[in-house]
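We count residues from 1, following the sequence as given.
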Amino acid sequence: MHNPLDETTRAWGMACHLSALGGFIIPFGSVLIPLIIWLTQKEKHPFIDEQGKESVNFQISLIIYLLSFCLILVLLIVLRGDS
């Protein structure tokens with residue numbers, strides 16, 4: 001049986017994920033805000049450390065996918081324009 005998490009630990013874990021919505025307000029806030037929360041709170045509980053890593057990793061992956069898609073799209077538009 002696993003140990004139940006206290007409210008504060010669960011709240012910080014949730015904050016790591018929900019803070020990614022800060023990207024709608026602050027440029028790159030979707031990565032920076034979860035990163036700040038993770039770096040400041042990771043020592044307090046392994047659950048917060050795990051959730052922070054997941055959130056930051058997911059947001060970085062999304063940025064990489066978005067940039068890759070934009071690059072491919074631009075290349076397709078440029079190559080199509082030459083025809």
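- Cluster annotation: Ile25 and Ile36 are assigned to distinct hydrophobic clusters (Ile/Leu/Val/Met/Phe/Trp/Tyr, side-chain heavy-atom contacts under 4.5 Å, transitive).
- Hydrophobic clustering (side-chain heavy atoms under 4.5 Å, transitive across Ile, Leu, Val, Met, Phe, Trp, Tyr) groups Trp38 together with Val31.
- Hydrophobic clustering places Ile60 together with Ile63 (ILVMFWY residues linked when any side-chain heavy atoms are closer than 4.5 Å, directly or through intermediates).
- Thr9 places no side-chain N or O within 3.5 Å of a backbone atom of Leu5 that could act as its donor or acceptor partner.
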> Can you list the steps and then say if Leu67 with Leu71 is a side chain to side chain contact (heavy atoms under 4.5 Å, CB included)?
Replying inline: CA-CA 6 Å; Leu67 292 175; Leu71 179 64; over 6 Å; no
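- Put simply, CD on Glu50 and NE2 on His45 are 10.5 Å apart, with the number rounded to the nearest 0.5 Å.
- Heavy atoms of other residues, nucleotides or ligands lying less than 6.0 angstrom from CZ of Phe58 number 12 at most.
- Rounded to the nearest 0.5 Å, atoms CG (Leu35) and OG1 (Thr40) are 9.5 Å apart.
- For the pair Ile48/Glu43, no side-chain contact is recorded, criterion being any heavy-atom separation below 4.5 Å from C-beta on.
- Under the 4.0 Å criterion applied to side-chain N and carboxylate O atoms, Asp49 and Lys53 are assigned as salt-bridge partners.
- Nearest approach of Arg10 to Phe47, heavy atoms of both residues: CA-CE2, 4.2 Å.
- Gln59 has its side chain within reach of Leu62: a pair of non-hydrogen atoms, C-beta onward, lies under 4.5 Å apart.
- The backbone N or O of Gln51 sits nowhere less than 3.5 Å from a side-chain atom of Ser55 that would complete a donor-acceptor pair.
- Under the 4.5 Å side-chain contact rule for hydrophobic residues, Leu73 and Ile64 do not share a cluster.
- A distance of 15.0 Å separates OH in Tyr65 from SG in Cys70, rounded to the nearest 0.5 Å.
- The distance from atom CD1 of Ile37 to atom SG of Cys16, rounded to the nearest 0.5 Å, is 5.5 Å.
- The cluster map of Ile, Leu, Val, Met, Phe, Trp and Tyr, joined by side-chain heavy atoms under 4.5 Å apart, puts Phe28 and Val56 in the same cluster.
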